[in-house]
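Let me begin by presenting the structure, written as structure tokens, before commenting on it.
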Amino acid sequence: MLPPGHPDPKWMREAIRIANESRERGDYAFGAVLVRDGKILTASGNKVITYRDPTGHAELNCLRKAAMREGHRHLKPGAILYTTHAPCPMCLGACVWIKVSGLVYGAYQRDIAAWGKEHAGPTYTWRSVSVEPEEMYRQFLWEAHPDLEIVGGFLADECRALFHD
């Protein structure tokens with residue numbers, strides 16, 4: 001699936017481009033791209049604000065489209081999800097349930113939490129979790145999909161910059 005330690009930067013940069021589009025439209029700057037056999041299956045930005053949907057995360061939007069397109073709740077083997085930020089428990093669970101073969105993410109949960117603490121205020125809230133996806137996977141989801149490959153911190157500086165632009 002993923003060449004060990006060698007995800008493709010062009011797919012993460014596409015996810016970054018989509019994250020920037022999300023920001024321009026007034027949403028959070030998160031982006032996701034689902035790739036198989038060197039082609040994009042689906043892509044999406046965050047739509048939590050624009051759709052007023054707390055489940056409108058970039059990863060879930062991308063996976064929902066893929067399930068509809070493939071006509072099944074499980075993906076065929078070989079699909080790799082690139083996402084600009086470490087997926088939350090909900091999105092990581094969706095990766096397991098739909099049987100994504102690989103997950104590549106940029107910024108870590110600790111990056112998301114640090115940004116939230118710096119920018120939190122009386123009118124601004126930001127939620128994050130303190131557990132990275134690899135640990136969540138090992139603790140809660142491994143038995144459901146033991147073949148999922150996870151690569152974190154890929155192009156992390158470029159993904160972290162999405163918070164600060």
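None of the values given here were measured: they were computed from a predicted structure.
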About how many Å separate CG of L34 and CH2 of W11, when rounded to the nearest 0.5 Å? 11.0 Å
Parallel, tilted or perpendicular: which fits the ring planes of F30 and H85, with parallel below 30° and perpendicular above 60°? tilted
Work out which heavy atom in D147 is nearest to a heavy atom in Y137; give both atom names and the distance. N-OH, 3.8 Å
E134/R138 ion pair, N-O < 4.0 Å: no
List in chain and number order the residues that pass salt bridge (charged side-chain N to carboxylate O under 4.0 Å, His left out) with D27, two or more places apart in sequence or in another chain; answer none if no residue qualifies. none
Side-chain donor-acceptor pairs under 3.5 Å in residues 38-47, sequence neighbours left out?
from	atom 1	to	atom 2	distance (Å)
T42	OG1	C62	O	2.9
N46	OD1	V48	N	3.0

Pairing residues for R25 by the salt bridge (charged side-chain N to carboxylate O under 4.0 Å, His left out) criterion, not counting sequence neighbours: none
Sidechain-backbone polar pair: E149 side chain, S101 backbone, donor-acceptor under 3.5 Å: no
K65 NZ: over 12 foreign heavy atoms closer than 6.0 Å: yes
Is there a donor in the side chain of N20 and an acceptor in the side chain of R23, or the other way round, less than 3.5 Å apart? yes
dist L103:CG -> I150:CD1 (nearest 0.5 Å) comes out at 5.5 Å
Distance check, rounded to the nearest 0.5 Å: H145 atom NE2 versus K99 atom NZ? 7.5 Å
Test side chain to side chain contact (heavy atoms under 4.5 Å, CB included) applied to I112 and F163, step by step: CA-CA 8 Å; I112 298 167; F163 285 133; 3.5 Å; yes
Test log, rule side chain to side chain contact (heavy atoms under 4.5 Å, CB included), inputs L141 and L148: CA-CA 10 Å; L141 298 165; L148 176 62; over 6 Å; no
When every non-hydrogen atom of C159 is compared with those of A107, the smallest separation belongs to CB-N, 3.6 Å
Mind checking salt bridge (charged side-chain N to carboxylate O under 4.0 Å, His left out) for D157 and listing every partner two or more places apart, or none if nothing turns up? R160
Does the pair K76 and E70 meet the rule for a salt bridge (Lys or Arg N to Asp or Glu O under 4.0 Å), with working shown? CA-CA 8 Å; K76 296 174 189 165; E70 297 217 343; 5.1 Å; no
Hey, does the side chain of Y108 reach the backbone of A156 with a donor-acceptor pair shorter than 3.5 angstrom? no
Heavy-atom pair with the smallest gap, counting every atom of V100 and A79: CG1-O, 3.4 Å
V131-F140 co-clustered via ILVMFWY side chain contacts under 4.5 Å: yes
Smallest heavy-atom separation, M136 atom then C88 atom, equals CE-C, 4.3 Å
Nearest atoms (heavy-atom pairs only) where A19 meets G31: CB-N, 3.5 Å
Test Y105 against every option in C91, P133, P7 by the side-chain contact (heavy atoms from CB on, under 4.5 Å) rule and name the one that passes. P133
What do the steps show when you test V104 against D8 for side chain to side chain contact (heavy atoms under 4.5 Å, CB included), and what is the final call? CA-CA 9 Å; V104 179; D8 192 332; over 6 Å; no
Which heavy atom of V96 sits nearest a heavy atom of A144, and at what distance? CG1-CB, 3.7 Å
The side chain to side chain donor-acceptor pair (under 3.5 Å) partners of T83 (sequence neighbours excluded) come to E59
Please give the remaining members of the hydrophobic cluster of L60, linking ILVMFWY side chains under 4.5 Å, ordered by chain and number. M90
Kindly compute the distance separating OH (Y82) from NZ (K10), expressed to the nearest 0.5 Å. 9.5 Å
Please test W97 against L63 for side chain to side chain contact (heavy atoms under 4.5 Å, CB included), starting from the C-alpha separation and ending with a verdict. CA-CA 10 Å; W97 306 134; L63 296 175; over 6 Å; no
Angle between ring planes, H72 versus H74, binned at 30° and 60°: parallel, tilted or perpendicular? tilted
Could you tell me the separation between the CD1 atom of I98 and the CZ atom of R64, rounded to the nearest 0.5 Å? 10.5 Å
